[in-house]
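Every chain is numbered from 1 and lettered A, B, ... according to where its sequence line falls, protein lines coming before strand lines.
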Amino acid sequence: MRWTNTLIPTIKEVPADAEIPSHQLMLRAGLIRQLMAGAYTYLPLGWRAIQKAAQIVREEMDAAGAAELHMPALQPLGLFERTQRKEAFGSVLIQFNVPRGNRLIPMALGPTHEEVVTDLISHCISSYKQLPLTVYQIQTKFRNEERPRFGVLRTSEFLMKDAYSFSSSVEQLDEIYDRMYRAYCRIFARCGLKYLPVEAESGPIGGDASHEFMIPADNGEDSIVYCEASGYAANMERADTGRKTPEIKTSPNAAALEKKATPEATSIEQVSKFLGCEPSQMIKTLIYLADGEPVAVLIRGDHEANEGKIRRALEATSVELADEKTIQQVTSAPTGFAGPVGIKCKIIADHDIPLIENAITGANAADMHLLNVNVGRDYQLDTTYDLRNAEAGDPCPKSGEPLSIVHGIEVGHVFKLGTKYTEALDANFLDEKEKRHPIIMGCYGIGVNRIVAGLAETRHDEKGLIWPLSIAPYEVLVIPLNTNEEEVMQTAERYYSELKAAGVDVLFDDRNARAGVKFNDADLIGIPYRIVIGGKGLKNGEIETKWRTAENAEMIALDAGIAPILEALEAKKQEEYQAANVPA
RNA sequence: CGGGACGUAGCGCAGCCUGGUAGCGCGCUACACUGGGGGUGUAGAGGUCGCAGGUUCAAAUCCUGUCGUCCCGACCA
């Protein structure tokens, strides 16, 4: 492609609205332009990078035995009503009525395709002999983000690869899940990303039912609990800590229980300020309804309760914060003054709770808190649980080494779905004994544009982007230094056409611009291999080549033609593939 | 949806407090010189100051409303 025939609007200054590197660089390098909050145009360079990523995704999905198809983005709203996801999605689901004659048809723009694909499969599959089956598509998804942000990382319209597997047994599902998991590792490695498979929520199937694939990045939205020593990685909802139940006994330093008025101080922050104490000295008493039964959950004041852990500890199917009325019944006080002492319901506590000497808690009376509360003397615990979010420094559940919290960009998610959608939409199969069962599903998503944004976010220097060869919009950039010199232009044209004929993705900077402009743009858009043709070199019978990542250029002889360039590209591809550590 | 900031030429910004002919840099157009890291000169083009209403002889500037964009938080199958 000739530079003058395409659209690469590079920007010298940093756009005011962009804060994070990927957003700034993608704008500056002419990859994207914003249409409105949460909706971006991909310009030729950006779109080519996306297509490269999509192609890698296709190759690996096909190799993993999945079949590509294409489903409508326009979907009947009724499907979402049948799976109850109209409510679950809420304002995220973009919906509207479309006039058809004198009727209005309620529709939605697909935020994902579980409903559509399950509906499809329910009509096509009826026997266990047709299973397992995995299908996928690469398609634009629509989710109304209440607050789009971070440029192209969080938008209301984005390109997603979504795959769905259908199987007749959990064993079949497990096998497909492992295959998808490996395909994902290969995809992200081939794209040149440093990625982390992270344990995520366990679904209805239980066990290792879900992994998120994260790119570690300071500007990532998600928090990952990570242990360098053991490789343990889990998201905040899921992460266990290696803490154990401590000895539960009254502290020898226990001071006399004291009741203190704390008018209108209901939050940890307010009370700690009012009493001049640290939040870590306080016990937060949260009243939950576990399958309808009230339970008091004790968490240290400076910690975050984790509902998933609470649900598992109680062996409940549903857990939600109790309503005002329940709290009033259990604590004899309005919300904000609950405490373990004398509370009228079951109590469970986090591991850290018995360790707090002379704690401060609600007094189960309006506008009152208790000081010097101690376990054993003032309230009783048989055991303790891991009920809070992991924090940096907590022991790793595998190695016992301190955990760290790293931020990440979610680029992929694999999930054992189970039969939620197949039951709701009547997608069944007949087994060998003519018994009907709902098909068992898995779903597997990749944010294709996040692959590109993730690379921009993590691979750049002060001059601009640094693409790996596998995703680079063009592999080679040919720069004739002075377009007025006939010999320079003829030579450059020759290299351009020969490289193109050899199947290399080559961009030809045929602009009549100064060298500085071309070099700076070259660094900004980050094409991996640069070939410079100038008068001085030609006099010596040489042209200059330089890798974007290299410090210095190398001269190669004109006589050699494009052969050394093709060799260098091939060697670099091998080198990148080796370095990426692509699993088998 | 709560909190904060900002809307002036394609981009980055000044002017606003204290109302009185809309400016700077980059980019763009033409010509000339120049030609290995955003070059120089000359001459130009381009703006209903986000939008609406109000105050005033007079509004980019003051007031009210509204729309948009960004950031923090809530939310995110």
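Across all strands, A/Ala88 comes closer than 4.0 Å to no nucleic acid atom at all (heavy-atom distances). Backbone-only engagement by A/Asp17 is indicated by non-hydrogen atom pairs under 4.0 Å involving sugar-phosphate atoms exclusively. Residue contacts shown for A/Asp222 are absent, as no nucleic acid heavy atom lies under 4.0 Å away. A/Val517 comes within 4.0 angstrom of a base, heavy atoms only. Contacts of A/Ala18 with the nucleic acid, taken as non-hydrogen atoms under 4.0 Å apart, are absent. Residue contacts for A/Glu221: at a heavy-atom cut-off of 4.0 Å it reaches no nucleic acid atom on any strand shown. No contact: A/Phe80 has no heavy atom under 4.0 Å from any strand.
The distance from atom CD of A/Glu307 to atom P of B/C75 is 10 Å, rounded to the nearest whole Å. With rounding to whole Å, A/Asn219 atom CG is found 9 Å from B/C72 atom P. The CD atom of A/Gln24 sits 13 Å away from the C1' atom of B/G12 (whole-angstrom rounding). Computed from coordinates, the A/Trp3 CH2 to B/G38 P distance equals 16 Å when rounded to whole Å.
Shown here for A/Ala53 and A/Ile451, the closest heavy-atom pair between the two residues is CB-CG2, 4.1 Å.
A gap of 12 Å separates the P atoms of B/U42 and B/C26, to the nearest Å.
Distance from the side chain of A/Asp523 is smallest for B/G37 among the nucleotides B/A77, B/C70, B/G37. Here B/A77 is the nucleotide among B/C13, B/A77, B/C72 with the atom lying nearest to any side-chain atom of A/Met160. Of the candidate nucleotides B/C70, B/G35, B/C1, B/G35 has the atom lying nearest to any side-chain atom of A/Asn484. Of the listed nucleotides (B/G38, B/G35, B/G73), B/G35 has the atom at the smallest distance from the side chain of A/Asn512. The side chain of A/Arg147 lies closest to B/G73 when the candidates are B/G37, B/U69, B/G73. Between B/A74, B/C70, B/A77, one nucleotide has an atom nearer to the side chain of A/Tyr421 than all others, and that is B/A77. Distance from the side chain of A/Phe89 is smallest for B/A77 among the nucleotides B/G37, B/C72, B/A77.
Screening A/Phe415, A/Tyr444, A/Tyr181 for a ring pair (Phe, Tyr, Trp, His ring centres under 6.0 Å) with A/His211, the sole residue that qualifies is A/Tyr181.
In terms of position along RNA chain B, the nucleotide closest to A/Val14 lies nearer the 5' end than the nucleotide closest to the other residue of the pair A/Gly151 and A/Val14. Take the nearest nucleotide of RNA chain B for A/Arg149 and for A/Ile11: the residue whose nucleotide is more 5' is A/Ile11.
A donor-acceptor contact under 3.5 angstrom links the side-chain atoms of A/Arg530 to the base of B/G37. Between the side chain of A/Glu13 and the base of B/G25, a donor-acceptor pair under 3.5 Å is found. Judged by distance alone with a 3.5 Å cut-off, a donor-acceptor contact links the side chain of A/Arg514 to the base of B/G39.
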Pair A/Lys546-A/Glu554, salt bridge (Lys or Arg N to Asp or Glu O under 4.0 Å): steps then yes or no | CA-CA 6 Å; A/Lys546 181 182 171 296; A/Glu554 287 173 37; over 6 Å; no
Tell me, with the steps shown, if A/Lys284 and A/Asp302 meet salt bridge (Lys or Arg N to Asp or Glu O under 4.0 Å).
-> CA-CA 9 Å; A/Lys284 191 156 45 174; A/Asp302 57 331; over 6 Å; no
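A side-chain N or O of A/Thr10 and one of A/Asp521 form a donor-acceptor pair less than 3.5 Å apart. Under the 3.5 Å distance criterion, with hydrogens and angles disregarded, no donor-acceptor pair is assigned to the side chains of A/Thr118 and A/Glu114.
Remark: B/A43 base-pairs with B/U29. Criterion, Watson-Crick or G-U wobble with two distances under 3.5 Å.
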